[in-house]
Amino acid sequence: MTALFCDMVNSTGLAEQLDPEEWTEIVHGAFNHLNAPILRYEGTVARMLGDAVLAFFGAPVAHEDDPQRAVLAALDMLEGMQRYREEVRRSSGLDLDVRIGINTGPVVVADIGLPHAMEHTALGDAVNVAARMEQSAAPGTIRISGDTYRLVAPLFDVEPLGEIEVKGKSKPVPAYRVIGEKATPSRIRGVDGASAPLVGRDHEIGQLDEVLMRLREGQGQIVCLIGEAGLGKSRLVAEIAESWKAIDPDRAHWYELTGVPYDATRPFGLFQNFARRFMGIELDDPKEVIHQKVTQSVRSHGVEDEDAFALCSIAFERMIAARQLHDAAREFPAEVIRQDIYEKMRAAFRATCVRPTVMVAEDLHWADPASVDLLLYLVSLVEEVPLLLVCAFRPDRQAPSWKIKQRAEVDFPHRYTEIVLRPLDEESTDQLVSALLHIKNLPAQVRQ
């Protein structure tokens, strides 16, 4: 489990001069900014102690990326507090800030206390280390332990801070300051520093090569790449990318959308994250800033036709500002706004796919229903333009992503290729181990 400690810091020392009700109101406003990111990333607020918060990620519901969620929540907490900090400074003269500590390790989550005063909380060394990380952090910063760093290193830029003493620990604990998300994250799965040729997927690669050749000839295609976690869906997508660039390096249009589990309930999260990553847009950017960033990005991606340029710009602005549009136009039902976004996005893709284009939707099993419905709306474009839609997801029939497979195999069987990944056989697994480890005379028991 990953524990997060956050404490408010008042550097002006004026809090004691405030009326208790005024100070309570300020702290209440701060908690609104601090707790919202924790809940968004599906963490649990375990305790609020005066002006501090203890949260944990991994209980009562565990996710495979809980350390990442904790760090993302901490970054959002800092960002939200910076805006609130300005409000407090103007209204009361207080210079309010926060510092955050994070650590990952085993804990016991239990109800502690008397029957009439029970508290559901986490206990253990991992919580104590998180508290020490927070206590030693500078205001306005996030400090994580070495145990958390090892799990999130490919995803975040950090500054090593050396080792710090922790009460109850026989050895000092490495500490790092989180600077922000990496512009180009490294892979978080696989063996660090090890790579190998693709093994045991010759048939699947052959299928994908055929699809790419049909796309090059102008035929739209749909591919569903289905497999459990760890069977190589992302590796196959990487192979498709290399093959596509080799076929047409100067004119290869390639776009990637990636589902993330903590956005499964945010409408159009799949497409909004795509816009944030490729256009540098934040969801709370003002309308004029969104317009400027979208315009610059669309131009930089080589959209030269003025009609296509206008359609792309309008479509992505509507997509990114979907919530703002709904709030600003309450006389229009949500369905009207949704349909407007769908039609603008479809027109934009039709206008820009004048040359063969690949659009990959990875981890689609985590996509929000609105994004999947939009993909379903765009699927028919394969009959009109040279678009290859590659959808990679796990075989979860209850997830919205399963609708893509059903729609493609029923309505577009002549343009549909389904690739179901299964575990490698013993011979292929043996080849993979040899290619990864490069160890002569590896004992048979270890190899198995």
Quiz prompt | CD (Glu25) with more than 12 external heavy atoms under 6.0 Å | solution = no
Quiz item: How are the rings of Tyr342 and Tyr377 set relative to one another: parallel (under 30°), tilted (30 to 60°) or perpendicular (over 60°)?
Solution: tilted
Self-check item: Separation of Glu239 CD from Ser234 OG (nearest 0.5 Å)
Solution: 12.0 Å
Self-check item: Step-by-step side-chain contact (heavy atoms from CB on, under 4.5 Å) determination, Ile240 to Trp254
Solution: CA-CA 10 Å; Ile240 304 171; Trp254 179 277; 3.8 Å; yes
Quiz item: How far does CD1 of Ile222 sit from CD of Glu409, to the nearest 0.5 angstrom?
Solution: 10.5 Å
Quiz item: Any donor and acceptor pair, going by atom type alone, linking the side chain of Arg407 with main-chain N or O of Leu376 inside 3.5 Å?
Solution: yes
Quiz prompt | Donor + acceptor pair across side chains of Asp76, Tyr41 (<3.5 Å) | solution = yes
Quiz item: Out of curiosity, Phe156 CZ to Ile144 CD1, how far, rounded to the nearest 0.5 Å?
Solution: 8.0 Å
Quiz prompt | Expected output: side-chain Asp97 to main-chain Arg85 donor-acceptor under 3.5 Å | solution = no
Quiz item: Quick one: do the Thr417 and Gln221 side chains pair a donor with an acceptor below 3.5 Å?
Solution: no
Exercise. Tell me, with the steps shown, if Arg89 and Glu86 meet salt bridge (Lys or Arg N to Asp or Glu O under 4.0 Å).
Key: CA-CA 5 Å; Arg89 184 184 288 124; Glu86 293 300 321; 2.6 Å; yes
Quiz item: Going from CG on Asp202 to CD1 on Ile205, what distance comes out if it is rounded to the nearest 0.5 angstrom?
Solution: 8.0 Å
Quiz item: Between Arg83 and Glu87, is the closest basic N to carboxylate O distance under 4.0 Å?
Solution: no
Exercise. Decide yes or no on side-chain contact (heavy atoms from CB on, under 4.5 Å) for Asp65 and Phe57, but give the supporting numbers first.
Key: CA-CA 9 Å; Asp65 58 349; Phe57 295 77; over 6 Å; no
Quiz item: Once you round to the nearest 0.5 Å, how far does CZ of Arg415 lie from CG of Leu389?
Solution: 13.0 Å
Quiz item: Are the side chain of Asp368 and the backbone of Gly269 linked by a donor-acceptor contact shorter than 3.5 Å?
Solution: yes
Quiz item: Is it the case that His33 and Gln82 place a side-chain donor and acceptor less than 3.5 Å from each other?
Solution: no
Quiz prompt | Asp66, Thr2, Asp147 screened by side-chain hydrogen bond (donor to acceptor under 3.5 Å, both in side chains) with Thr104, the one that passes | solution = Thr2
Quiz item: Where the side chain of Lys233 meets the backbone of Gly227, is there a donor-acceptor pair that is under 3.5 Å apart?
Solution: yes
Exercise. Go through the side-chain N and O atoms of Arg346 and Ser380 and say whether any donor and acceptor fall under 3.5 Å apart.
Key: yes
Practice problem: State whether the side chain of Asp7 and the backbone N or O of Arg99 hold a donor-acceptor pair below 3.5 Å, judged by distance alone. | Solution: no
Quiz item: Run the side-chain contact (heavy atoms from CB on, under 4.5 Å) check on Val379 and Lys403 step by step: do they pass?
Solution: CA-CA 11 Å; Val379 159; Lys403 296 178 183 178; over 6 Å; no
Quiz prompt | Donor-acceptor pair, side chain of Arg143 and main chain of Ser136, under 3.5 angstrom | solution = yes
Quiz item: Measuring from Arg214:CZ to Gln219:CD, what's the distance to the nearest 0.5 Å?
Solution: 7.0 Å
